[in-house]
Novice: 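Structure in structure tokens, see below.
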Amino acid sequence: RPMPAVAKKHAVVDVGSREGRARLALMVTRLLDHWQLTAPEQAEVLGLSAASRSTLNRYRSGEPLADSRDLLDRAGHLLGIHKSLRLLFPRDGDLAYRWMTQPNRRLGARPVDLVIEHGFEGLLAVRRYLDFQRGQ
């Protein structure tokens, strides 16, 4: 099955390769750290059990993401959300990083809570919301 490629600054990460999934693991764990999510929140947005701290630590230390379509798709959407936030707030990186954990009146909750409560559908909803905001 063809695996999706994830773009980062014009470079494409080949998620079909172990090296590509290792780079992706580092990018995603860094992003989740920048968002200042707790370890259980980080695990949940990646679709892991909230107690998967050891898995997160392995990803953070360069172990490749599991070759799981769900996990790789989630990673791609998380990076897409990050890209949208950087485009929406080009002069305020701090706000771009805080956005996921700030209460959002239009969404009715903190975006990270929507992702945790609704799983993959919540992740898609947050990404679609940001794509819509970018189109305004």
Novice: Using side-chain contact (heavy atoms from CB on, under 4.5 Å), reason through Glu41 and Ile116 one step at a time and then give a plain yes or no.
Specialist: CA-CA 7 Å; Glu41 288 171 337; Ile116 289 169; 3.7 Å; yes

Novice: Using every non-hydrogen atom in the two residues, find where Ala66 and Leu71 come nearest and quote the distance to one decimal.
Specialist: N-CD2, 3.6 Å

Novice: Which is it for Arg60 and Asn57 under the side-chain contact (heavy atoms from CB on, under 4.5 Å) test, yes or no, and what are the steps along the way?
Specialist: CA-CA 5 Å; Arg60 195 168 276 110; Asn57 287 335; 3.4 Å; yes

Novice: So Val15 and Asp67, do their side chains get closer than 4.5 Å, heavy atoms only?
Specialist: no

Novice: Decide if atom CD of Gln133 counts as having more than 12 heavy atoms of other residues, nucleotides or ligands within a radius under 6.0 Å.
Specialist: yes

Novice: Are side-chain N/O atoms of Gln42 and Asp33 paired as donor and acceptor at under 3.5 Å?
Specialist: yes

Novice: If you measure from CG on Asp113 to CD on Glu44, what distance do you get to the nearest 0.5 Å?
Specialist: 10.0 Å

Novice: Heavy atoms only: give me the nearest Ser84-Asp131 pair and the separation to one decimal.
Specialist: OG-OD1, 3.3 Å

Novice: Side-chain heavy atoms under 4.5 angstrom apart, residues restricted to Ile, Leu, Val, Met, Phe, Trp, Tyr: same cluster for Leu37 and Phe120?
Specialist: no

Novice: What is the distance from atom CG of Leu78 to atom OG1 of Thr29, rounded to the nearest 0.5 Å?
Specialist: 11.5 Å

Novice: Identify whether NZ of Lys or CZ of Arg in Arg86 sits under 6.0 Å from the centre of the six-membered ring of Tyr97 and within 45° of that ring's axis.
Specialist: yes

Novice: For the residue pair Gly16 and Arg21, what are the closest heavy atoms and their distance?
Specialist: O-NH1, 3.5 Å

Novice: So, Tyr59 side chain and Leu24 main chain: donor-acceptor pair closer than 3.5 Å or not?
Specialist: no

Novice: Examine Leu87 and Leu79 and state if one hydrophobic cluster contains both, with Ile, Leu, Val, Met, Phe, Trp and Tyr joined whenever side-chain heavy atoms are less than 4.5 Å apart.
Specialist: no

Novice: Between atom CE of Met100 and atom CD of Gln36, what is the distance when rounded to the nearest 0.5 Å?
Specialist: 13.5 Å

Novice: Between Trp35 and Ile81, does a side-chain contact (heavy atoms from CB on, under 4.5 Å) hold up when you go through it step by step?
Specialist: CA-CA 11 Å; Trp35 284 350; Ile81 286 169; 3.9 Å; yes

Novice: Do Leu124 and Leu88 share a hydrophobic cluster (ILVMFWY, side-chain heavy atoms under 4.5 Å, transitive)?
Specialist: no

Novice: Closest heavy-atom contact between Gly62 and Leu26?
Specialist: N-CD2, 3.9 Å

Novice: Would the number of heavy atoms belonging to other residues, nucleotides or ligands and lying under 6.0 Å from CZ of Arg134 be above 12?
Specialist: yes

Novice: Around Gln102, counting heavy atoms of other residues, nucleotides and ligands shown, do more than 12 lie under 6.0 Å from its CD?
Specialist: yes

Novice: With Trp99 as reference, evaluate Asp94, Val126, Val112 under the side-chain contact (heavy atoms from CB on, under 4.5 Å) test and give the passing residue.
Specialist: Val126

Novice: Might you point out which heavy atoms bring Pro103 and Arg110 nearest each other, and give the distance in Å?
Specialist: N-CG, 3.8 Å

Novice: I need the minimum non-hydrogen distance between Asn104 and Pro111, along with the two atoms involved.
Specialist: CB-CD, 4.2 Å

Novice: Can you measure from NZ (Lys83) to CG (Leu31) and round to the nearest 0.5 angstrom?
Specialist: 14.0 Å

Novice: After noting the C-alpha distance and the side-chain angles of Leu56 and Leu46, does the key distance pass the side-chain contact (heavy atoms from CB on, under 4.5 Å) rule?
Specialist: CA-CA 9 Å; Leu56 284 168; Leu46 288 172; 3.7 Å; yes

Novice: Check whether any side-chain heavy atom of Leu123 sits under 4.5 Å from a side-chain heavy atom of Val45, and report yes or no.
Specialist: no

